[in-house]
Every structure is written in C-alpha cells, then in structure tokens.
Undergrad: 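First the structure, then my questions, so here it is.
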Amino acid sequence: SSDVCSSDLLQEGMDLTTTYKTSPVSLASGIMLGAEAVREFKVMTTNFTAEFGEQSGGTVNILFKSGTNQLHGSLYEYYRNSTFDARNFFDLAPGQTSPPPFKRNQFGGSLGGPIRKDKTFFFANFEGYRSDLSLSDVANVPDDNARLGKLPTGTVTVSPDVFNIFFGGANPLYPHCNTTESAGVGLCRYYSSPVESITENYYLGKIDHIFNEKNNLSFSYNLDDSSKFSPSAIGVTADDRLARRNTFTLQDTHIISPSMINTARVGLNRTYYNDEKVTLNGDFTPGTDRIDPRLFPYKLSVPCAAVCTGQGANFPSGVATPLPVISFNFGMTQFAGSATDFNFAPRWIGYTSGLLGDDVNLTRGKHSMQFGAQMKRWYDNMAQYRGNPLGAYTFSTLQTFLSGGPALTYNQDLITLPTSSYGRSWRQQLFGLYAQDTYRIRPNLTLTYGIRWEYVPGPTEKHGRIGNLNKIG
C-alpha cells in the first residue's frame, strides 16, 4: 500500500525512478513497454535485505534476456478497434449511430544470438504502441441568441471585443451548438469526438561478452520515446505531452575464487518530459489562425513538446504560447482548460541520475555474505509554470462575460524580476554502505541479518535559487 514515490524500480540494477522519485511508466501512454525483453523480475514488498536501500516502499528488480549461441527471435501484434464496442452514453453528436472510431496497435519483436560464438552475444527488442481514441466530449456553450445578447432573462449589450474574439469567424473559439439541448440559461450542448493520439516506441539493445570462464561484461541501452496529443472539448487547445527516457548500464562480473564473486556496476538514467497546451485550428490541427492577439496581456513563449505550430504573424514558430484560462460559475465550459488532468502545463523537466556501485558475494560454510557500496547523484532540472502563467479569470454570470466584465476573480502567477526564473537546477547525492549475511542454521531454518548506512546531504541549486526558513518569531 506504499505510495509509488516510496518505491524503487531497478533495471539491470539501475534506478529508473524519475523526478520526485515517481514511477518510470510513460507519462504519455500510462503503461510500461518491453515485457518481451524481460528474463526475470523480483518484487520485494517487505523484509528487504541490506542490499536495497533509499526507499521505504516496495522494490522491483528487472533483468533482461541475453543472446546465446542459437539465433532466437519473436514477432507479435495486438490490435483492438471499436467494432465490438458499445456506444458511450455521451456519444450523442448529430447523426452518430455507432461508437466513435478507436484503433490501438501494440506490436514488436525481439532477436538474440551470437556475435562471436561462445564469446560475444547480442539481444535486441523493439515494441511500438499506437492509439487513436475518439473522445466522447460534451461542452456547454452560448447559444446563437446569447451571442447576440438575447437571453431568457433579458437583453445585454455584447462587447465587440468579446464577440470578435470568441464568437466571430467561420470557426469561432466557442463553437455553435450542434443540438437543441439546453444546458442552462443561454447555454446549449456541443458534442464532439476529437481524436486523442498516443505514440510510443521502446528500444532495447544488450551486448554480453565473456572474457574467460571467470570474467564477463554486460552492456545495455534502453530508449523509451512517447508522446500524447489530447484536444479539449471545445477544440481551442490540446494537451501536448512528450516523454523520453534513456537508460544505460554497464556491469562487470568477476569470479575471484570459488567462494567469492565481485560485481561492479555503472549506470545512467536520463528522463525528459515536456507538458504544453498547443492552440488548435477549427479542424483540430495545431495552429494559431483563430487566436486573436488581444487575448494575451503579454506573450510567454515556452519550448513546444511533440507538436510545434508553424510561423504566424503574431506567434513565433518552434514554441508554444499558452492562453489565459477563463472559468465560469454558471456551467459554461472553461476556455483554454485542460482536456485531462493536466494542471502542470507548461512545464519541462530534464532528470538525470547516475550510479556507481560494487557488490562482493562471499560464501563461508553455512554463511552467504554480501558487502557493497553505492554512490548516486541526481540532476533535476525543471521549469514549471503550473497552469496559469497568463492569468486565470472567473466570471459569475453569462451577462457579465458577454458585456466584457468585470471578472469576479483574477489571479496570475508571474515572476517579473529580470533576475528571477521559474527554472530550478537541483543537485543531490547519496553514499551507501551495507553488509549482510544469510546464515543457514538448519535445513529448515535460515537467519538473514545485515546493516546499511546511507548519507544523503541536503539538495543544492546550481544557480543559488534556494532559500531556507530557519526561524519564525
């Protein structure tokens, strides 16, 4: 029942957890690929030996397959579509009589064999994931009368700026209703099925070399590259997420004597992900054609994720320009809100962890002893604007919004000092030593005991952007 942030997931002995010690599951697809490459795995939930430290929760250790003198491989494909799906309760778009389209492909293959017989072997694995899921979205938007200021409770003078920005043009930011179903005073329903697209590619390569009967070397490299594109209910923005993980391990195993084995290991894990909100054209493709520059009190340009809009008259290419968020207390769908639980955008994080470790296994009679040392270092670079860097407006009534305000509330998280930044470059390290013994007292009684020492100095920030509150009062 431990939180995922309290657990460790090891791959060939290398820690895969990323920033905030979170799981290495792809933030785009929400799954872990590569099962075809796994030779064995071990799950430890309680009673850890001294070999494993750092976390108080569970520990999972995964080992990959290796090549042999025989050439072996596999191919597979899993396919799912909407043919046998039932219609969702909210699949009510005009003319829709069947479930919206859904296609998912999960495919891959592996191959292992000799490079040099009895000496050097290879193993390679690829797995791909493609998902195109039509969402069942329902939005509450102003009806045609409300856009002209004609409300059931009376008339209101619609601000020309509000009309031109939100309701003007062939593809307005707030689309026209496609049903006559009422959603409240001056509101009606807009049903849509925008396509959420997920792409993930998982690559693994492993080389094993036997120097002699007492010494072998193993090298592995793993790349997990994924992206997700989720349009919002009214089609103004889409959640755009990119996640990429690179993992490298090198391990040398040396038999010193029949009773002593030494294993030295070095590893590197690099994770990068970027969460943005990209603006959309009327056909749900990325673009800024419909966006009026008056929406921005100022422009904030941040690195684009998987999707980059092209060059426009008011927007540079290669970056994402977040929109201000507008919320309503009367049931109208939020403007520039997230399609999913996406309240961290815009943000981008580059996380790197390094490992240097050595373990010695020694057998003496009924005792199986193990000693080891580890050194880890983390580099956690992030810039996190957390949702509303261009401001968040709240309107209490439709009349107030149509007339151009004033807003009920407004908040903005903005750093104005030239020397200030949302970016942080955290650094931290760990030193660990352990010793343990498994004592087989009798054939049916075994005692395992050990001790572990860890030293983790406090985190530092590369540019000095850190403060400590030492005393209050």
Side-chain angles (χ1 to χ4, degrees), residues 28 93 100-101 130-135 137-139 141-142 147 161-178 190-199 226-243 273-326 332-340 342-348 385 387-393:
R130 307 288 186 270
S131 175
D132 291 313
L133 172 65
S134 297
L135 305 176
D137 285 339
V138 183
V141 300
R147 296 169 194 240
D161 288 338
V162 171
F163 184 87
N164 291 329
I165 291 173
F166 296 100
F167 308 134
N171 291 300
L173 297 183
Y174 269 100
H176 293 278
C177 301
N178 50 15
Y190 172 72
Y191 293 93
S192 63
S193 300
V195 177
E196 177 186 79
S197 297
I198 301 174
T199 299
S226 57
S227 62
K228 181 178 182 180
F229 184 81
S230 304
S232 62
I234 61 174
V236 174
T237 61
D239 299 344
D240 182 24
R241 171 169 284 177
L242 173 68
Y273 58 90
N274 189 345
D275 292 338
E276 305 298 341
K277 291 180 186 176
V278 63
T279 56
L280 300 177
N281 294 322
D283 58 356
F284 289 98
T285 60
T288 57
D289 294 345
R290 299 186 299 160
I291 307 302
D292 193 309
R294 288 176 292 177
L295 270 172
F296 302 97
Y298 69 97
K299 293 176 185 176
L300 174 68
S301 296
V302 296
C304 56
V307 176
C308 293
T309 56
Q311 179 73 41
N314 297 290
F315 305 94
S317 62
V319 299
T321 304
L323 290 168
V325 176
I326 305 176
M332 184 170 161
T333 296
Q334 185 183 62
F335 176 80
S338 296
T340 56
F342 205 75
N343 62 335
F344 294 105
R347 68 170 173 176
W348 54 99
Y385 291 80
N388 304 319
L390 295 190
Y393 302 82

Undergrad: How many angstroms lie between CG in Asp289 and CG in Leu280, if you round to the nearest 0.5 Å?
TA: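 With rounding to 0.5 Å, CG (Asp289) is 11.5 Å from CG (Leu280).
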
Undergrad: Using 0.5 Å steps for rounding, measure from the CG atom of Leu135 to the OG atom of Ser192.
TA: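 Between Leu135 CG and Ser192 OG, I get 8.0 Å after rounding to 0.5 Å.
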
Undergrad: For a quick test of reading the model, state the closest non-hydrogen atom pair linking Thr279 to Gly287 and the distance between them.
TA: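 The pair with the smallest heavy-atom distance is OG1-O, 2.8 Å.
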
Undergrad: For a 4.5 angstrom cut-off between non-hydrogen side-chain atoms, does Val141 reach Met332?
TA: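 No, side chains not in contact.
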
Undergrad: If we only count heavy atoms from C-beta on, is the Gln334 to Val325 side-chain gap below 4.5 Å?
TA: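 Yes - at least one pair of side-chain heavy atoms lies under 4.5 Å apart.
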
Undergrad: Please step through side-chain contact (heavy atoms from CB on, under 4.5 Å) for the pair Ile165 and Leu295, ending with a clear verdict.
TA: CA-CA 8 Å; Ile165 291 173; Leu295 270 172; 3.7 Å; yes

Undergrad: Tell me the closest heavy-atom pair linking Tyr393 and Pro324, and the distance in Å.
TA: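 Where Tyr393 meets Pro324 most closely, the heavy atoms are CE1-CB, 4.0 Å.
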
Undergrad: Looking only at heavy atoms, which two atoms of Ala238 and Pro231 are closest? And how far apart?
TA: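 Where Ala238 meets Pro231 most closely, the heavy atoms are CB-CA, 3.7 Å.
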
Undergrad: Compare all side-chain heavy atoms of Arg294 with those of Asn164 and state whether any distance is below 4.5 angstrom.
TA: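 They are in contact (side-chain heavy atoms under 4.5 Å apart), so the answer is yes.
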
Undergrad: Give, for atom CG of Leu173 and atom CD1 of Ile291, the distance between the pair rounded to the nearest 0.5 Å.
TA: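 Answer rounded to 0.5 Å: 5.0 Å.
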
Undergrad: Look up atom CG in Asp240 and atom OG in Ser230, then write down how far apart they are to the nearest 0.5 Å.
TA: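 One finds 9.0 Å between CG of Asp240 and OG of Ser230.
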
Undergrad: Counting only N and O atoms by type, is there a donor-acceptor contact under 3.5 Å from the side chain of Arg290 to the main-chain atoms of Asn171?
TA: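 It does hold such a pair.
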
Undergrad: For the atom pair CG (Leu323) and CG (Asp292), what is the distance rounded to the nearest 0.5 Å?
TA: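 Nearest 0.5 Å value for the CG-CG distance: 11.0 Å.
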
Undergrad: Mark yes or no for whether Tyr174, through its side chain, and Thr333, through its backbone, hold a donor-acceptor pair below 3.5 Å.
TA: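 Yes: the side chain of Tyr174 pairs with the backbone of Thr333.
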
Undergrad: Which heavy-atom pair separates Arg147 from Phe163 by the least distance, and what is that distance?
TA: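 In this case the closest contact between Arg147 and Phe163 is O-CD1, 3.5 Å.
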
Undergrad: List the steps, then state whether ring-ring contact (aromatic ring centres under 6.0 Å, His included) holds for Phe335 with Phe166.
TA: CA-CA 10 Å; Phe335 176 80; Phe166 296 100; 5.2 Å; yes

Undergrad: Determine yes or no for a side-chain-to-main-chain donor-acceptor pair under 3.5 angstrom, with Arg347 supplying the side chain and Asn274 the backbone.
TA: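 Side chain of Arg347 to backbone of Asn274, a donor-acceptor pair under 3.5 Å: no, none is there.
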
Undergrad: Is a donor on one side and an acceptor on the other found under 3.5 Å between the side chain of Ser197 and the backbone of Phe229?
TA: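 Checking the backbone N and O of Phe229 against the side chain of Ser197, no donor-acceptor pair under 3.5 Å is found.
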
Undergrad: Could you report the tightest heavy-atom contact between Pro142 and Cys177, atom names first, then the distance?
TA: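 It is O-SG, 4.3 Å.
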
Undergrad: Please name the pair of heavy atoms, one in Ala139 and one in Ile234, separated by the smallest distance, quoted to 0.1 Å.
TA: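 Where Ala139 meets Ile234 most closely, the heavy atoms are CB-CG2, 3.6 Å.
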
Undergrad: Please lay out, stage by stage, how Lys228 and Asp239 fare under the test salt bridge (Lys or Arg N to Asp or Glu O under 4.0 Å).
TA: CA-CA 8 Å; Lys228 181 178 182 180; Asp239 299 344; over 6 Å; no

Undergrad: Please assess Tyr191 against Asn178 for the test side-chain contact (heavy atoms from CB on, under 4.5 Å), listing each intermediate value before the final yes or no.
TA: CA-CA 7 Å; Tyr191 293 93; Asn178 50 15; 4.0 Å; yes

Undergrad: In Å and rounded to the nearest 0.5 Å, what is the CG to OG1 distance from Asp283 to Thr285?
TA: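 One finds 3.5 Å between CG of Asp283 and OG1 of Thr285.
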
Undergrad: Do side-chain atoms of Ser131 reach the backbone of Ile198 as a donor and acceptor pair under 3.5 angstrom?
TA: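 No, because the side chain of Ser131 does not come within donor-acceptor range (under 3.5 Å) of the backbone of Ile198.
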
